[in-house]
Enquirer: 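Dropping the structure in here first, questions after.
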Amino acid sequence: MALSQALRSTVLRSSLPLTCSPVCRRVCASAAPRASIQSHGLRTSVFTPSLSGFRSKAQRSQRVASFATQALKKGDKVPTDIEVQTLAEDGNKTRLTFGEIINGKKAVIVGVPGAYTPVCSSSHIPGFVEKIKDFEAKGVDYVGVLSNNDIFVMREWGKTMGCDSAKIKMISDGNTELSKALGMTVDMTSRTMGTRTRRFAMYVDNGEVKAVSVEEDEVGGADSDEKTNASWILQQI
């Protein structure tokens, strides 16, 4: 009799509406009955939660490894109708479509996860500043640095990098709309940085991708510019 009352109490409690977290709902939704208990005419089920909704580190790495197949590749046309913010000649912000920036030009676009971040500031962008004359000698009309930092941060960071004197332009993709259209975003929530522009280097001639390289590690090249540095892209032009 005591067992029957205990089971009825358990069933009644389980029928009450509960407020679950998103993780809890995902686990419960994937749960499946594994066994049943028959006692005193009262039938109840035992559930074993499934963790199929969670990706292992190996699965996440595999997802990252497949990234390059989703990004723009050589021969593709870049999106031209997406607006970004950049700096006018007087240093004030201005809105332009990506097409207005690169159409009719031989352009090098460098994507970075964030202004003032270690690799971006210590080697990646300084490499382009140092070799700007080499790009000009190869007929490159425009070198731009793309990130989803706001244009004010990009402007001040560009000054510290020497981008002003090198005439390297700063491009703010605040909502990552252009980065997404290029296939160049990375989830950096593991570093509390949200969705970011992936580290990449792209050579575009009048809107057509002539060469492109991305850093394919799990944090989108936050720790390396081995495949996207100035020397690499110069070799492709």
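By convention here, the first residue in the shown sequence is residue 1.
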Enquirer: Any luck finding a side-chain donor-acceptor pair between Ser123 and Asp225 under 3.5 Å?
Expert: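 Yes.
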Enquirer: In this structure, would Ile171 and Val204 fall into the same cluster of hydrophobic residues linked by side-chain contacts under 4.5 Å?
Expert: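 Yes; tracing contacts between hydrophobic side chains, which count when under 4.5 Å, links both residues.
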Enquirer: Taking the side chain as every heavy atom from C-beta outward, state whether Asp81 and Phe98 have any pair of such atoms under 4.5 Å apart.
Expert: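 When only atoms from C-beta onward are counted, Phe98 and Asp81 do not touch, as no gap falls below 4.5 Å.
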Enquirer: Should the heavy atoms of other residues, nucleotides or ligands under 6.0 Å from NZ of Lys167 be counted, would the total exceed 12?
Expert: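 Result for NZ/Lys167: open.
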Enquirer: Any link between Leu182 and Ile82 through a network of hydrophobic side chains (Ile, Leu, Val, Met, Phe, Trp, Tyr) touching at under 4.5 Å?
Expert: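 Leu182 clusters together with Ile82.
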Enquirer: So which of Val110, Thr176, Leu178, Val112 actually passes side-chain contact (heavy atoms from CB on, under 4.5 Å) with Leu146?
Expert: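 Considering Val110, Thr176, Leu178, Val112, a side-chain contact (heavy atoms from CB on, under 4.5 Å) with Leu146 is found only for Leu178.
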Enquirer: With a 4.0 Å cut-off on N to O distance, would you call Glu136 and Lys133 a salt bridge?
Expert: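 Looking at Glu136 and Lys133, the cut-off is met.
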Enquirer: Within this structure, what is the CG-CG distance for the pair Asn92 and Leu87, rounded to the nearest 0.5 Å?
Expert: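 Rounded to the nearest 0.5 Å, the CG-CG separation comes out at 8.5 Å.
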Enquirer: Between Asn149 and Gly114, what is the shortest heavy-atom contact and its length?
Expert: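 The answer is OD1-CA, 3.3 Å.
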Enquirer: Taking only residues two or more places apart in sequence or in another chain, which ones pass ring pair (Phe, Tyr, Trp, His ring centres under 6.0 Å) with Tyr203?
Expert: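 Tyr203: no ring pair (Phe, Tyr, Trp, His ring centres under 6.0 Å) contacts found.
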Enquirer: Flag yes if Trp232 and Val129 sit in one hydrophobic cluster, no otherwise; membership is Ile, Leu, Val, Met, Phe, Trp, Tyr, and two members link when side-chain heavy atoms are under 4.5 Å apart.
Expert: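 They do share one cluster, since a chain of ILVMFWY contacts under 4.5 Å joins Trp232 to Val129.
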Enquirer: Under 3.5 Å, is there a donor-acceptor pair between the Ser147 and Trp157 side chains?
Expert: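 Their side chains do not contain a donor-acceptor pair, so the 3.5 Å distance test is not met.
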Enquirer: Do Arg198 and Thr185 come within less than 4.5 Å of each other through their side chains, counting heavy atoms only?
Expert: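 In short, these two side chains do not touch, never coming nearer than 4.5 Å.
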Enquirer: How long is the span from the CD atom in Glu83 to the CZ atom in Arg95, to the nearest 0.5 Å?
Expert: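 Taking CD in Glu83 and CZ in Arg95, the distance rounds to 5.5 Å.
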Enquirer: Would Val143 end up clustered with Leu96 when hydrophobic side chains under 4.5 Å apart are linked, directly or stepwise?
Expert: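 In one cluster: no.
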Enquirer: List the residues meeting side chain to side chain donor-acceptor pair (under 3.5 Å) with Glu130, not counting sequence neighbours, and say none if there are none.
Expert: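 Not a single residue meets the side chain to side chain donor-acceptor pair (under 3.5 Å) criterion with Glu130.
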Enquirer: Say you draw a straight line from OG1 of Thr94 to CD1 of Ile151; how long is it, rounded to the nearest 0.5 Å?
Expert: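 Answer rounded to 0.5 Å: 9.5 Å.
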Enquirer: Could you report the tightest heavy-atom contact between Pro113 and Asn148, atom names first, then the distance?
Expert: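 For Pro113 and Asn148, the tightest heavy-atom pair comes out as O-OD1, 4.0 Å.
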Enquirer: For atom CD of Glu226, decide whether the heavy atoms of other residues, nucleotides or ligands shown that lie under 6.0 angstrom number more than 12.
Expert: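 No - once you tally the heavy atoms of other residues, nucleotides and ligands closer than 6.0 Å, there are 12 at most.
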Enquirer: Can you list every side chain to side chain donor-acceptor pair (under 3.5 Å) pair that touches residues 96-107, not counting sequence neighbours?
Expert: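 Sorted result for residues 96-107: Thr97-Glu100.
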Enquirer: Are side-chain N/O atoms of Ser172 and Asp150 paired as donor and acceptor at under 3.5 Å?
Expert: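 Asp150 and Ser172 do not have a side-chain donor-acceptor pair below 3.5 Å.
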Enquirer: Salt bridge between Lys169 and Glu89, side-chain N to carboxylate O under 4.0 Å?
Expert: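 Looking at Glu89 together with Lys169, the answer is yes, because their closest N to O distance falls below 4.0 Å.
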Enquirer: I'd like to check Met202 versus Val78 (side-chain heavy atoms, cut-off strictly below 4.5 Å). Are they in contact?
Expert: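 When only atoms from C-beta onward are counted, Val78 and Met202 do touch, with a gap below 4.5 Å.
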Enquirer: If you compare all heavy atoms of Lys159 against all heavy atoms of Asp164, which two are closest, and at what distance to 0.1 Å?
Expert: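 Nearest heavy atoms, Lys159 then Asp164: CG-OD2, 3.4 Å.
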Enquirer: To check you understand the geometry: which heavy-atom pair defines the closest contact between Glu156 and Tyr116, and what is its length?
Expert: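 The pair with the smallest heavy-atom distance is C-OH, 3.3 Å.
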Enquirer: Could you label the plane-to-plane angle of the Phe128 and Phe135 rings as parallel, tilted or perpendicular, counting under 30° as parallel and over 60° as perpendicular?
Expert: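 Taking Phe135 first and then Phe128, their aromatic rings lie parallel (interplane angle under 30°).
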Enquirer: Taking the side chain as everything from C-beta on, heavy atoms only, tell me whether Lys210 gets closer than 4.5 Å to Gln236.
Expert: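 When only atoms from C-beta onward are counted, Gln236 and Lys210 do not touch, as no gap falls below 4.5 Å.
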Enquirer: Side-chain contact test, heavy atoms from C-beta onward, threshold under 4.5 Å: evaluate it for Ile132 versus Ser165 and give yes or no.
Expert: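 Not in contact.
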Enquirer: Search all heavy atoms of Ser231 against all heavy atoms of Lys131 and return the closest pair with its distance.
Expert: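 Minimum heavy-atom contact is OG-CE, 3.2 Å.
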Enquirer: Is a salt bridge present between Glu215 and Lys227, judged by a nitrogen-to-oxygen distance below 4.0 Å?
Expert: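 No.
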Enquirer: Mark yes when over 12 heavy atoms from residues, nucleotides or ligands other than Lys74 sit less than 6.0 Å from its NZ; otherwise mark no.
Expert: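 No, because the 6.0 Å sphere around NZ of Lys74 holds 12 heavy atoms or fewer from other groups.
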Enquirer: What's the shortest heavy-atom distance between Ala115 and Val153, and which atoms?
Expert: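 Of all heavy-atom pairs spanning Ala115 and Val153, the closest is CB-CG1, 3.8 Å.
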Enquirer: May I ask you to decide if Met170's main-chain N or O and Thr86's side chain share a donor-acceptor pair within less than 3.5 Å?
Expert: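 It does hold such a pair.
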Enquirer: Any link between Met184 and Val108 through a network of hydrophobic side chains (Ile, Leu, Val, Met, Phe, Trp, Tyr) touching at under 4.5 Å?
Expert: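 In one cluster: no.
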Enquirer: Determine, stepwise, if the pair Val186 / Thr195 fulfils side chain to side chain contact (heavy atoms under 4.5 Å, CB included).
Expert: CA-CA 6 Å; Val186 61; Thr195 300; over 6 Å; no
Enquirer: Got a donor-acceptor contact below 3.5 angstrom from the His124 side chain to the Arg199 backbone?
Expert: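 Not a single qualifying donor-acceptor pair exists.
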Enquirer: So do the side chains of Ile237 and Val140 get within less than 4.5 Å of each other, counting heavy atoms only?
Expert: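 Yes. Closest side-chain heavy atoms under 4.5 Å.
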Enquirer: Any side-chain heavy atom of Thr228 sitting closer than 4.5 Å to one from Ile233?
Expert: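 Result no, sub-4.5 Å side-chain heavy-atom pair not found.
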